[in-house]
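Encoded as structure tokens, the structure appears first; notes follow it.
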Amino acid sequence: FTVQNVCREATSRDIAGLSDSGGSATTCVDSGGLHDPSTQKITVTVSWQGADPLIFSDYITRWRNKACEQTDWSGGAGGPVSTCPTTKYDTDDGHIDNTGGALKLK
């Protein structure tokens, strides 16, 4: 499965498309609009030998809570995980790739 960032039109708030780099970045120059940290596009692909793959896509959105973009691991070990509006995590266990300003599971 893949999880991709979504861009929305500034005025109408309609989905404008995926963010730049096929949804892996948070900029929206290619698709237009603004990055929406509360909406993600989820695509699931199921395949098996001798048949065409099945591909299902849908959007999920968060609508009641505050969205904060976590961008680095410089919060330091030993303390609690930071909450909004700070943008720092407590520790990195080696399973997250935080290059390019985005957090991705390795």
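Distance alone, capped at 3.5 Å, places no donor-acceptor pair between the Asp20 side chain and the Ala25 backbone.
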Can you give the donor-acceptor pairs under 3.5 Å from side chains of residues 6-18 to other protein atoms, not counting sequence neighbours?
residue, atom, partner, partner atom, Å
Arg8, NE, Asp36, OD2, 2.5
Arg8, NH1, Arg13, O, 2.6
Arg8, NH2, Thr39, OG1, 3.1
Ser12, OG, Asp14, N, 3.2
Ser12, OG, Asp14, OD2, 3.4

Test log, rule side chain to side chain contact (heavy atoms under 4.5 Å, CB included), inputs Thr27 and His35: CA-CA 6 Å; Thr27 56; His35 172 244; over 6 Å; no

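To the nearest 0.5 angstrom, Gln4 atom CD is 8.0 Å from Ser19 atom OG. Thr2 contributes atom OG1, which lies 9.5 Å from atom CD1 of Ile55 (distance to the nearest 0.5 angstrom).
Through chains of ILVMFWY side-chain contacts below 4.5 Å, Ile60 is grouped with Phe1, Val3, Ile42, Val44, Val46, Trp48, Leu54, Phe56.
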